[in-house]
Amino acid sequence: MKDLILVTGGTGYIGSHTAVELINEGYEVVIVDNLANSTADSLDGIEKITGVRPAFEQFDLCDKSLVEAFFEKYPKLKAIIHFAAYKAVGESVELPLKYYRNNLVSLMNLLECMGQFKVPSIVFSSSCTVYGQPKDLPVTENAPILPAESPYGNTKQICEEILRDSVHSMPDIRVIALRYFNPIGAHPTALIGELPRGIPNNLVPFVTQTAAGLRGELKVFGDDYPTPDGSAVRDYINVADLAKAHVSAIGRLLNQKNEANFEFFNLGTGRGSSVLEVVKTFEKVTGVSVNYKIVGRRAGDVVAVWADTSKANEVLGWKAATSLEDTLLSAWNWEKKLRGIQ
Ligand code: UD1
């Protein structure tokens with residue numbers, strides 16, 4: 001019998017790619033999402049790619065009674081991957097309580113039900129934002145956690161603390177926190193991808209929308225950083241590669257291979273790319289030019305961060321495989337499909 005995995009936020013960007021990889025690896029998936037920042041269309045995409053339509057329950061994980069009813073309905077649940085969260089940095093500064101309530105309460109409801117219904121394993125979506133601007137690069141998991149730059153970033157730090165404290169009081173619970181660097185791109189079939197609402201905050205959706213003519217001009221935030229070309233450097237990781245790391249993490253938890261009840265891993269490529277390098281690589285692989293202008297730095301941005309991925313490589317047996325070129329092409333293919341561009 002297939003092991004049943006709950007994917008919260010499973011109609012969203014990383015969640016939908018992870019649902020695909022889980023199904024491809026022989027897991028059964030049930031998705032919970034309130035569609036606050038995604039649509040049920042991703043279920044069609046998942047079904048077209050895998051031939052399987054995952055079960056879907058639309059509700060808000062902040063409602064404890066609904067979470068309990070869910071665990072009662074799915075008594076065979078083996079593990080959880082918790083993606084469902086708000087993630088817009090700017091909005092979190094304007095509406096911090098919205099972020100704290102949603103991101104913390106949903107996790108606490110899940111943890112309480114995990115204890116109550118004896119579902120011991122959870123993979124948590126965390127972020128490299130917990131490191132701020134690290135002193136040493138590439139950044140390892142041993143780098144200090146720095147004060148968060150935004151309420152969003154703080155919710156990731158607090159959630160990790162909640163998880164760390166919970167494994168002490170609930171010794172059966174096993175947690176893997178995955179700290180993502182910058183996930184980009186789309187599934188190679190272009191059947192699922194990122195669907196930003198309104199004006200994108202993140203670089204790659206802004207690049208693809210500018211190339212598609214939806215935005216007049218990409219603003220490159222800063223060219224006076226102490227980096228080779230002056231623009232900021234990040235570790236851009238292919239979303240389908242990233243999704244596969246979740247399958248490894250689930251396997252590790254279900255087979256009880258974890259050495260500690262709380263483990264955390266960096267997920268990146270191990271390589272830094274500058275904003276200008278991303279733009280130029282995009283232009284090279286797509287043949288489409290991107291109208292851009294250099295403007296001042298964006299508040300809260302770090303100069304450069306990329307991952308030391310040895311721990312994930314060795315312990316999870318996972319490695320990013322897709323090049324920046326292919327990943328940017330996948331982002332463009334998805335954007336073209338959304339906009340009906342040939
Ligand atoms: C941001 C968040 C991070 C979150 C991640 C995923 C901030 C400060 N950090 O990471 O906490 O986990 O998204 O959602 O917002 N850029 C431009 N022009 C643009 C957009 C971005 O030049 O129009 C630059 C940025 O200045 C940065 C790089 O591109 O140097 C990447 O930006 P972005 O995609 O927003 O990711 P991060 O800021 O790294």
Side-chain angles (χ1 to χ4, degrees), residues 9 12-15 37-38 83 85-94 99 103 124-134 137 139 145-160 177-185 194-211 214-239 242 266-269 272-282 290-307 324 327-328 331:
Y13 176 43
I14 307 174
N37 194 27
S38 61
F83 293 103
Y86 293 148
K87 61 168 186 179
V89 175
E91 187 191 46
S92 79
V93 176
E94 303 301 318
Y99 275 67
N103 294 4
F124 177 69
S125 250
S126 191
S127 168
C128 72
T129 191
V130 300
Y131 301 119
Q133 175 60 66
L137 289 169
V139 57
I145 303 297
L146 297 183
E149 287 280 349
S150 69
Y152 156 76
N154 208 22
T155 67
K156 291 295 172 193
Q157 294 192 3
I158 297 171
C159 283
E160 284 201 11
L178 298 176
R179 294 175 179 162
Y180 312 149
F181 282 66
N182 289 57
I184 62 163
E194 191 170 5
L195 260 191
R197 292 225 164 133
I199 301 173
N201 295 306
N202 296 117
L203 176 64
V204 170
F206 211 107
V207 167
T208 57
Q209 289 197 6
T210 306
L214 267 83
R215 312 276 156 214
E217 178 182 81
L218 166 75
K219 293 185 177 69
V220 171
F221 296 130
D223 70 346
D224 56 352
Y225 284 109
T227 60
D229 66 19
S231 63
V233 169
R234 299 285 184 276
D235 185 337
Y236 296 94
I237 164 87
N238 178 281
V239 67
L242 183 79
N266 286 345
L267 296 183
T269 64
S273 306
S274 73
V275 175
L276 290 171
E277 190 184 340
V278 169
V279 173
K280 285 171 186 157
T281 307
F282 179 88
V290 178
N291 184 28
Y292 73 86
K293 183 168 98 184
I294 311 280
V295 300
R297 295 179 179 191
R298 183 172 71 177
D301 269 351
V302 298
V303 179
V305 60
W306 65 94
L324 182 64
T327 303
L328 288 171

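Each ligand, and each atom within it, is numbered from 1 in the order the structure gives.
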Hey, mind stepping through Ser126 and Gln157 against side-chain contact (heavy atoms from CB on, under 4.5 Å) and telling me if it holds? CA-CA 8 Å; Ser126 191; Gln157 294 192 3; over 6 Å; no
Which atom names give the shortest non-hydrogen contact between Tyr292 and Val220, and what distance separates them? CD1-CG2, 3.7 Å
Looking only at heavy atoms, what is the nearest atom pair of Arg197 and Ser38, with distance?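 Looking at all heavy atoms of both residues, the shortest contact is NH2-O, 3.4 Å.
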Would [X] count as being in polar contact with ligand 1, using the rule that some N or O on each side must be under 3.5 angstrom apart?
X: Tyr152; result: yes
X: Phe221; result: yes
X: Phe206; result: no

Parallel, tilted or perpendicular: ring planes of Tyr152 versus Tyr99, cut at 30 and 60 degrees: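 Geometry flag for Tyr99 against Tyr152: perpendicular rings.
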Structural part of [X] in contact with ligand 1, heavy atom criterion under 4.0 angstrom:
X: Val278; result: neither
X: Asn201; result: backbone
X: Lys219; result: backbone
X: Asn202; result: both
X: Val89; result: side chain
X: Tyr236; result: side chain

Flag the pair Phe206 / Lys219 as yes when at least one side-chain heavy-atom distance between them is below 4.5 Å, and no otherwise. no
Does the side chain of Arg215 come within less than 4.5 Å of Pro200's, by heavy atoms?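 In contact.
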Side chain [X], main chain [Y], donor-acceptor under 3.5 Å:
X: Gln133; Y: Ala304; result: yes
X: Asn182; Y: Arg234; result: no
X: Asn103; Y: Tyr86; result: yes

By number and element, which atoms of ligand 1 are closer than 4.0 Å to a non-hydrogen atom of [X]?
X: Ser127; result: 12 (O)
X: Thr129; result: 11 (O)
X: Ala232; result: 30 (O)
X: Val220; result: 22 (O)
X: Val275; result: 22 (O), 24 (C), 28 (C), 29 (O), 30 (O)

Of the protein's non-hydrogen atoms, which lies at the shortest distance from [atom], and what is that distance?
atom: atom 25 (C) of ligand 1; value: Asp301 OD2, 3.4 Å
atom: atom 10 (O) of ligand 1; value: Asn182 ND2, 4.0 Å
atom: atom 27 (C) of ligand 1; value: Arg234 NH2, 3.8 Å
atom: atom 32 (O) of ligand 1; value: Arg298 NH2, 3.5 Å
atom: atom 34 (O) of ligand 1; value: Leu203 N, 2.8 Å

Surrounding CD of Gln209 (heavy atoms of other residues, nucleotides or ligands, distance under 6.0 Å), is the total greater than 12?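 For Gln209, atom CD is crowded (more than 12 foreign heavy atoms under 6.0 Å).
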If you measure only the distance, is there a donor-acceptor pair under 3.5 Å linking the side chains of Tyr236 and Thr269?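 Tyr236 vs Thr269: no donor-acceptor pair found between side chains.
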Just how far is it from atom CG of Leu218 to atom CG of Leu203, taken to the nearest 0.5 Å? 6.0 Å
